[in-house]
There are 2 protein chains.
Amino acid sequence: MSDKKEKEVDPSTEEKIKNAARALFHQKGYSGTRTRDIAEAAGINLALLNYYFRSKQKLFELVMIEGLLEFVGSITKVFDDSTTTLEEKIRLLASNYIDMLSEQPDMPLFVLSELRSHPDTFLSKMNPQEFLMNSSFIKQYQQSVMEGKIAAIHPLQFIMNLIGMIVFPFIVSPMIKAIGNLDTADYKVLMQQRKTLIPIWIEEMMQVK
Amino acid sequence: MSDKKEKEVDPSTEEKIKNAARALFHQKGYSGTRTRDIAEAAGINLALLNYYFRSKQKLFELVMIEGLLEFVGSITKVFDDSTTTLEEKIRLLASNYIDMLSEQPDMPLFVLSELRSHPDTFLSKMNPQEFLMNSSFIKQYQQSVMEGKIAAIHPLQFIMNLIGMIVFPFIVSPMIKAIGNLDTADYKVLMQQRKTLIPIWIEEMMQVK
DNA sequence: GTCTATATACGGATAGAC
DNA sequence: GTCTATCCGTATATAGAC
């Protein structure tokens, strides 16, 4: 029973470092994080960090790429599925995204923040334009506009509203907690409620007047 | 004509430093900004920075407090005005906030990002709970809910939606520009349109079904 | 008030033993 | 693979002349 899977019994040293790095980078950003702290959090020595990953920079890029892929990737996957309706996509997006962010609440602020410092280092190589603007979502959206089913506003305006309603609460969580005097558990409840509320709000918002 | 106002002819050295610091801090965050760069951007010497402000830390706190006050303050001012209706407040908020952010687009990401690193260093001393939760806005909101005029959802959920629709587009601007292949001018147009669109969307969203 | 030169500390990275 | 000890660049801050 103990020799069945040697693989995941205990996270490998490499994994431990990456996990510690992710947590710290997400919380304090690139330049706010010290390699010494990563090493300590991972329970290993500073030299080992450079042994596995050549430099702080390389380790950072790894975490950053992962974050970006998760941030953009989780949208594109839903957006590009032609077997679901527009309404289903919205519901799926809210549900999946909120679950993901509940586990990594600091990720979006980290990604967006670092993206501002190093503007096109990352965006240029992943080219999100292709994926999103030609996605099934946009086609269905424009189709519905043409049929007069929903109000005619710029797709980007709509996407900003939708993604914003999902992501923004995680970005301002410290402020909202302070304002509403909520603890982390209270906050999670509010977020869970949004999984069902957002699709409703969006539908109301899109109606032609 | 030239000796009328000696006050604002040319920004004082202190002002020049603070302006340079604000721009750089907003763009690169606290630990990503070097005092040398601030000095250079201000057109003065490094030693002068420490002469006017005792340390990088002190200078940062100044900029940070200013940002927080502007971020929270511009909300509270509108929220607390009992002479305007709920609908007017929403319109004012969108309009004022978007104008402000158009001039300092990097401010919210900076404030929120640094707030995460130093969680209660700042929020604890400004106590936004008092102001917001007892504001005229919340009272009018709850009044409308009781009268059945608008849907009954938690005020914080509603505030997150409203503020998020205003602020979030500025936070993801690099991404949206990349996706939509927009330049800065295009983007500003989208933001201006939101000044009139957001109140409409919000009203739709709030309607009882 | 403003500068040049410098002290001091800190953080990333490597050498080399085990 | 993992450690200790150390090197070295870089960034903040100050001393002291003008």
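Protein chains get the first letters and strands the later ones, always in sequence-line order, with residue 1 at the start of each. These numbers come from the heavy atoms of this one structure, side chains and all, not from hydrogens, waters or symmetry mates.
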Check your understanding: Side chains of A/F25 and A/K56: does their closest heavy-atom pair fall under 4.5 Å?
Key ->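 Yes; the side chains approach each other to less than 4.5 Å.
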Which class fits the ring pair [X] and [Y]: parallel under 30°, tilted 30 to 60°, perpendicular over 60°?
X: B/F60; Y: B/F110; answer: perpendicular
X: B/F71; Y: B/Y97; answer: perpendicular
X: A/F122; Y: A/H118; answer: perpendicular

Using whole Å, what does the distance between atom [atom2] of nucleotide [N] and atom [atom1] of [X] come to?
X: A/F53; N: C/dG12; atom1: CZ; atom2: P; result: 15 Å
X: A/I44; N: D/dT4; atom1: CD1; atom2: C1'; result: 14 Å
X: B/Q57; N: C/dA9; atom1: CD; atom2: P; result: 18 Å
X: A/L48; N: D/dA5; atom1: CG; atom2: C1'; result: 15 Å
X: A/N50; N: D/dT6; atom1: CG; atom2: C1'; result: 14 Å
X: B/E40; N: C/dT2; atom1: CD; atom2: C1'; result: 17 Å
X: A/R54; N: C/dA13; atom1: CZ; atom2: C1'; result: 10 Å
X: B/L49; N: C/dG1; atom1: CG; atom2: C1'; result: 14 Å

Exercise for review: Have a look at A/Y51 and say if it touches a base, only the backbone sugar-phosphate, or nothing, with a 4.0 Å heavy-atom cut-off.
Suggested key: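 Base: the residue A/Y51, judged by heavy atoms under 4.0 Å, touches a nucleobase.
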Check your understanding: What is the nucleic acid contact for A/S31, judged by heavy atoms within less than 4.0 Å: base, sugar-phosphate only, or nothing?
Key -> nothing
Practice item. By nearest nucleotide on DNA chain C, pick out whichever of A/R34 and A/A47 is the more 5' one. Key: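 Here A/R34 is the residue nearer the 5' end.
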Establish, with yes or no, whether the OP1 or OP2 oxygen of [N] is under 4.0 angstrom from a side-chain nitrogen or oxygen of [X].
X: B/N45; N: C/dT2; result: no
X: B/T35; N: D/dA11; result: no
X: A/T13; N: D/dG1; result: no

Practice item. Check A/F168 against B/G164 and note the closest heavy-atom contact, atom names and distance. Key: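 Answer, listing the atom of A/F168 first, then B/G164: CD2-CA, 3.2 Å.
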**Study point:** A/K56 side-chain proximity, nearest of C/dG1, C/dG12, D/dT2
**Key:**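 Nearest nucleotide to the side chain: C/dG12.
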Review point. Taking the side chain of A/L46 as heavy atoms from C-beta outward, which of D/dT4, D/dA13, C/dA13 is closest to it?
Key: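 Of the candidates, C/dA13 comes closest.
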Point to revise | First of A/Y52 and A/R36 reached from the 5' end of DNA chain D, by closest nucleotide | key: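 Its nearest nucleotide being more 5', the pick is A/Y52.
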